[in-house]
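For reference, the structure discussed in these notes is given below.
Note that these values count all heavy atoms, side chains included, but never hydrogens, waters or copies made by symmetry. Per chain, numbering begins at 1; letters A, B, ... match sequence-line order.
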There are 2 protein chains.
Amino acid sequence: MQLPESELAVMDLLWIDAPQTSEALITQLSEARGWQPSTVKTLLSRLVAKGAVRADREGRRFLYWPLWERSQCVSQATRHFLESWFGGQLTPLVAHLSQHRTLRPSERKALAKLLRDLEGTHDA
Amino acid sequence: MQLPESELAVMDLLWIDAPQTSEALITQLSEARGWQPSTVKTLLSRLVAKGAVRADREGRRFLYWPLWERSQCVSQATRHFLESWFGGQLTPLVAHLSQHRTLRPSERKALAKLLRDLEGTHDA
DNA sequence: GATCAAAGTCTACACCTGTAAACCGGAATT
DNA sequence: AATTCCGGTTTACAGGTGTAGACTTTGATC
């Protein structure tokens with residue numbers, strides 16, 4: 001469930017659209033990150049090896065599907081991040097951001113709205 | 001400004017209280033993480049090497065001070081994390097947390113209050 | 001059927017990280 | 001002065017990560 005940076009780049013593409021051929025992934029990542037085809041192939045192998053991606057043979061090539069769900073990975077990464085820096089709490093993170101001007105007013109408003117919406121939706 | 005997990009553990013102690021001797025750090029980390037004295041020494045060396053910590057000779061031993069500011073490191077780590085998973089935005093993170101029941105009501109309330117407070121404090 | 005090209009597998013290699021033992025120099029103690 | 005002990009420096013070593021070349025296989029083409 002742990003995804004290093006470069007493997008994440010591959011997963012991100014598969015989460016946007018699946019299945020995809022290595023060719024498609026190579027094209028996108030070559031452009032977006034300047035990676036060589038080999039690099040992408042290696043990453044795909046590693047992802048398949050760790051069970052994050054499934055490779056279905058389709059004729060001569062493979063079709064790659066993400067097996068790990070994005071939301072799962074996000075949860076994991078988020079938990080880890082908050083744990084490491086904010087005692088596992090979200091509030092201190094927001095406090096930090098606001099203290100450092102990193103929380104733009106638009107974001108603050110969006111957040112406030114989101115919280116207002118939640119207030120009703122969720123149970124007490 | 002990048003701090004791997006284990007070095008962060010050392011910094012966390014120095015951010016709580018500085019300066020500290022290696023002995024003090026070793027004691028705490030031996031207890032908290034089960035690390036051998038050598039491990040802590042290695043981490044201190046690495047931190048000094050990368051300029052995150054200063055070692056001031058005091059008689060036979062050193063006193064260690066954090067040079068990197070916690071808030072700086074937090075900002076860096078946060079930016080990186082949000083960038084990696086949420087397109088650099090905070091709102092999607094909160095949305096994710098709320099969708100996955102990871103946002104306890106108490107946290108939600110604390111957050112709402114924080115945002116209300118900010119509303120006045122900050123400029124338009 | 002021989003050949004080519006593309007997709008996949010193996011090998012590589014340097015750097016980072018976690019974890020720690022070995023060693024060394026000087027201060028404290030006997 | 002000899003010995004011990006403690007803090008600091010060096011060396012170690014395996015596993016993960018970024019990045020990619022070399023080699024292999026297999027369908028496609030001449």
*Should R46(B) and E7(B) be marked as a salt bridge (Lys or Arg N to Asp or Glu O under 4.0 Å) after you check the CA-CA gap, both sets of side-chain angles, and the distance that decides it?*
CA-CA 8 Å; R46(B) 289 180 183 170; E7(B) 289 173 13; 5.1 Å; no
Decide yes or no on side-chain contact (heavy atoms from CB on, under 4.5 Å) for M11(A) and C73(A), but give the supporting numbers first.
CA-CA 10 Å; M11(A) 292 303 282; C73(A) 297; 5.7 Å; no
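Nearest-nucleotide positions on DNA chain D place T21(B) closer to the 5' end than the other of P4(A) and T21(B).
Heavy-atom neighbours of Q76(A) CD from other residues, nucleotides or ligands within 6.0 Å: above the threshold of 12. Atom NZ of K50(A) has more than 12 neighbouring heavy atoms from other residues, nucleotides or ligands inside a 6.0 Å radius.
Using a 4.0 Å cut-off between charged nitrogen and carboxylate oxygen, R108(A) and E119(B) do not count as a salt-bridge pair.
Shown for residues 25-47 of chain B: residues whose heavy atoms fall under 4.0 angstrom of DNA chain D, namely K41(B), R46(B). For the contact set between residues 55-64 of chain B and DNA chain D, defined by any heavy atom under 4.0 Å, the members are R61(B), F62(B), Y64(B).
Rounded to an integer number of Å, the gap from Q2(A) CD to dG18(D) P is 12 Å. Here dG16(D) presents its P atom at 9 Å from NZ of K50(A), a figure rounded to the nearest Å. Residue E23(B) contributes atom CD, which lies 14 Å from atom P of dA28(C) at whole-angstrom precision.
Q28(A) contributes a side-chain N or O that, together with a main-chain N or O of A24(A), makes up a donor-acceptor pair within less than 3.5 Å.
Proximity of S6(B) to the phosphate of dG18(C): a side-chain N or O atom is located under 4.0 Å from OP1 or OP2.
Hydrophobic cluster membership differs between I16(A) and L43(A), with clusters built from Ile, Leu, Val, Met, Phe, Trp and Tyr side chains linked at under 4.5 angstrom. When hydrophobic clusters are built by joining Ile, Leu, Val, Met, Phe, Trp and Tyr residues whose side-chain heavy atoms come closer than 4.5 Å, directly or via intermediates, L14(B) is grouped together with M1(B).
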